[in-house]
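These notes are about the structure you will find just below.
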2 protein chains.
Amino acid sequence: MPGTNATLAVSTVIFALRPSPPSSHRAPAPTIWVPLVRRQRQPFIDLLALPGGPLGDEDLAAAASRTLFETMRLAPKYLEQLYAFGDADRVFGSDPRVVSVVYWALVGNEEASSARLGDNVRWHPVDSLPPLAFDHRRIIDYALWRLRNKVEYSSIAHSFLGESFTLAQLREVYEAVLDRPLDAANFRRDMLASQSLAETGETLAGTRHRPPKLYRYLPQKDQSHDNNRFSAHDHHAHPDREAGRRELLSGTREVAVGVRPASSVLRAWGVNGRPAANSGAPAGAAAGGVPDGE
Amino acid sequence: MPGTNATLAVSTVIFALRPSPPSSHRAPAPTIWVPLVRRQRQPFIDLLALPGGPLGDEDLAAAASRTLFETMRLAPKYLEQLYAFGDADRVFGSDPRVVSVVYWALVGNEEASSARLGDNVRWHPVDSLPPLAFDHRRIIDYALWRLRNKVEYSSIAHSFLGESFTLAQLREVYEAVLDRPLDAANFRRDMLASQSLAETGETLAGTRHRPPKLYRYLPQKDQSHDNNRFSAHDHHAHPDREAGRRELLSGTREVAVGVRPASSVLRAWGVNGRPAANSGAPAGAAAGGVPDGE
DNA sequence: GAAATAGTGTCTTTTAGACACTATTCA
DNA sequence: TGAATAGTGTCTAAAAGACACTATTTC
């Protein structure tokens, strides 16, 4: 097997929910922001890019965490691999070629506010980004699409908030991410039925009306049935769909009176190959050997 | 930026549906098989491993296709990136470390049968695998999980079959992958309502009963709304969820009499992170520069 | 016409969504 | 006590699922 054949970089798309930019001086509905770094060198000097850096002697996810911490002292609550981008001509002119393993992350309110910024690192609202370096615009679009999908079938939304939050706040997160209003009554019922929230016993003061209860997120038991969480090292989530585990109990319908069954608040938006065959040289290894993965 | 820091390998989990092994001499219900390669060298010599090889001067998906073709003349109908595996100690003793970008693929009936096998390459039923090299067992389990999820919300099942197929055959695919029986009547209706099938006009002969109609898969229009299909180069699918695009037409219910609305035949099973902060050395680039991804 | 699967019709259950209404707090 | 949001109840619509039944072919 040959030696190294590519440079590996790790980048991260970090999402936070923050008030819309002052430009539109309307209701303070939050929108999605990402931190971007202004490049100091060629190629794409002076354009904005995702934070990241070369892979060190560490796990992939650790590289993502490390670069985020180094760049802006961020330690996101949620981190998941997005995709490995490695078209041969992705970063033209570089030799060896560059393959980027991209992660995406969510950070909560105050965490986002406490991020260390600077002349070259700033938050930008995703709905009005300037031209970006490399293929980073497309990567962000893809991460956004994943975010919107995943918000619908999993319980990541709370990662945008602090330890405790009201149902209205949580609903605001969903509404911002999905970009549509949700029925407050149904939202409440469905969230509570999902067993993923617990009352803290506190209420939120400082409003000029009835104080809402505060909740905290209740990790689902044995969520990581098999996959999803992966290596013992890597505490991060997997890209896939959390499917509301199917209850196989048919028969016996016994639903407490007046109780709404759990459901998922949400519904989907949507999207969906044969590869380029390639002859090329015969198998790459020792005599008689069929190549395998490593 | 330093030079290369890792060796990149590409492997693929290839799924095919084939009759259960003769051991159980019962009904010929098909099960899922994968081709595995017996390793000819250390580490893990003589153990089975996923087909693959080092990344060449090509796109990632092209490397997957190339190695499959070289190894067994396979050119799968469906190919999608699964995950990048890159724990620092994943392949102990190798320097530089190895990062594997793993793809998963589906092949049809006769395609699978025509695969070139040999002493070192053979199909194995996934439900009874011997110990495998590296972390390949876990990778296969993860790919299987993804397959089962994706079959539920997208139209990949037909990739296990040939150009044309009967509804009963298609249902068999779903039943094999999901490992549960489906109601034939509802399945039929839901598939037809999904607009993803077209009659070929032919029927399947050779049965000893009423000959069933043959259908072919009808690619969905504008499936690739935004993401999913990615680079212009890479014709392969993305990992995410194809959400049955929500019909926003509320109001106006106008359903042709007796017509069942489209639906998705299926329901889910299920499964569902903060990163390890890391100080380490300061930002990796030129003076005053904040590192970005490449 | 019996066996066997193809294919249709129709009812029930479950889930999602709309929306009216009551409750509680603060200014 | 009115403004304002919290929180509950209840109905309707749509989707999923069960299952009885008819249709068509071969032997």
Side-chain angles (χ1 to χ4, degrees), chain A residues 27 152-153 165-172 174-175 178 180-194 197 199 202-215 243-244 246-268, chain B residues 27 152-153 165-172 174 178 180-194 197 199 202-215 243-268:
Chain A
E152 294 191 302
Y153 61 78
F165 44 84
T166 68
L167 279 166
Q169 290 168 336
L170 187 59
R171 180 165 48 81
E172 263 200 318
Y174 278 87
E175 291 179 334
L178 300 178
R180 76 181 141 100
L182 297 177
D183 183 281
N186 295 331
F187 179 84
R188 165 186 306 278
R189 249 185 320 246
D190 292 346
M191 286 313 285
L192 294 178
S194 75
L197 298 182
E199 297 187 11
E202 321 256 284
T203 57
L204 181 66
T207 61
R208 61 178 167 295
H209 56 272
R210 175 175 177 177
K213 289 182 184 167
L214 285 167
Y215 295 84
R246 177 161 190 71
E247 290 298 329
L248 289 179
L249 46 86
S250 51
T252 351
R253 291 182 312 100
E254 174 189 29
V255 176
V257 191
V259 170
R260 216 169 213 243
S263 71
S264 85
V265 188
L266 322 145
R267 283 266 150 234
Chain B
E152 293 192 302
Y153 61 79
F165 45 84
T166 69
L167 279 165
Q169 290 169 335
L170 187 59
R171 180 164 49 80
E172 265 200 318
Y174 278 87
L178 299 178
R180 76 182 140 100
L182 297 177
D183 183 279
N186 295 332
F187 179 84
R188 164 186 307 279
R189 251 185 317 248
D190 291 347
M191 286 312 286
L192 295 178
S194 77
L197 299 182
E199 298 187 10
E202 322 254 284
T203 57
L204 180 67
T207 61
R208 61 178 166 297
H209 56 271
R210 174 174 178 177
K213 289 182 185 169
L214 285 168
Y215 295 84
R245 187 162 312 179
R246 177 162 191 68
E247 291 298 330
L248 289 179
L249 45 87
S250 51
T252 352
R253 288 182 313 102
E254 173 189 30
V255 175
V257 191
V259 170
R260 220 170 208 241
S263 71
S264 84
V265 188
L266 321 144
R267 282 265 151 237

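Throughout, protein chains are lettered first and strands after them, A, B, ... in sequence-line order, and every chain is numbered starting at 1.
Nucleotide C/dT8 holds its C1' atom 14 Å from the CG atom of B/Asp190, rounded to whole Å. The separation between A/Met191 atom CE and D/dT8 atom P is 15 Å, rounded to whole Å. In this structure, the CG atom of B/Leu204 is 13 Å from the P atom of C/dT5, given to the nearest Å. In this entry the distance linking OH of A/Tyr215 with C1' of D/dG7 reads 9 Å, nearest Å. One interatomic measurement links the two molecules: CG of B/Asp183 to P of D/dC21, which rounds to 15 Å at whole-angstrom precision. Going from atom CD of B/Gln169 over to atom P of C/dG7 covers 12 Å, rounded to whole Å. Regarding B/Arg188, its CZ atom lies at a distance of 19 Å from the P atom of D/dC19, rounded to whole Å. To the nearest angstrom, C1' of D/dA6 lies 13 Å from CD of A/Glu199.
Listed here is the closest heavy atom pair of B/Leu204 and B/Pro211: O-CB, 3.3 Å. Residues B/Gln169 and B/Thr166 approach most closely at OE1-N, 2.9 Å, considering heavy atoms. The minimum heavy-atom distance linking B/Leu167 with B/Met191 is given by the pair CD2-CB, 4.1 Å.
Distance from the side chain of A/Asn186 is smallest to C/dG17 among C/dT8, C/dT25, C/dG17. Set against D/dA20, C/dT5, C/dT25, the side chain of B/His209 has C/dT5 as its closest nucleotide. Of the candidate nucleotides C/dT8, C/dA18, D/dC27, D/dC27 has the atom lying nearest to any side-chain atom of B/Arg208. The side chain of B/Lys213 has C/dG7 as its nearest neighbour among C/dT5, D/dA6, C/dG7.
In this model, a side-chain donor or acceptor of A/Arg210 finds a partner on the base of C/dA23 within 3.5 Å. For D/dG9, its base sits under 3.5 Å from the side chain of A/Arg189 at one donor and acceptor pair at least.
B/Ala184 comes within contact range of no nucleotide atom at all, as no heavy-atom separation falls under 4.0 Å. Within the 4.0 angstrom heavy-atom criterion, only backbone atoms of the sugar-phosphate kind lie near B/Thr207; the bases stay farther away.
Here the CZ-CG distance, from A/Arg188 to A/Leu170, works out to 11.0 Å after rounding to the nearest 0.5 Å.
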Given B/Phe187 and B/Tyr174, is the ring-ring contact (aromatic ring centres under 6.0 Å, His included) satisfied, shown in steps?
-> CA-CA 10 Å; B/Phe187 179 84; B/Tyr174 278 87; 5.3 Å; yes
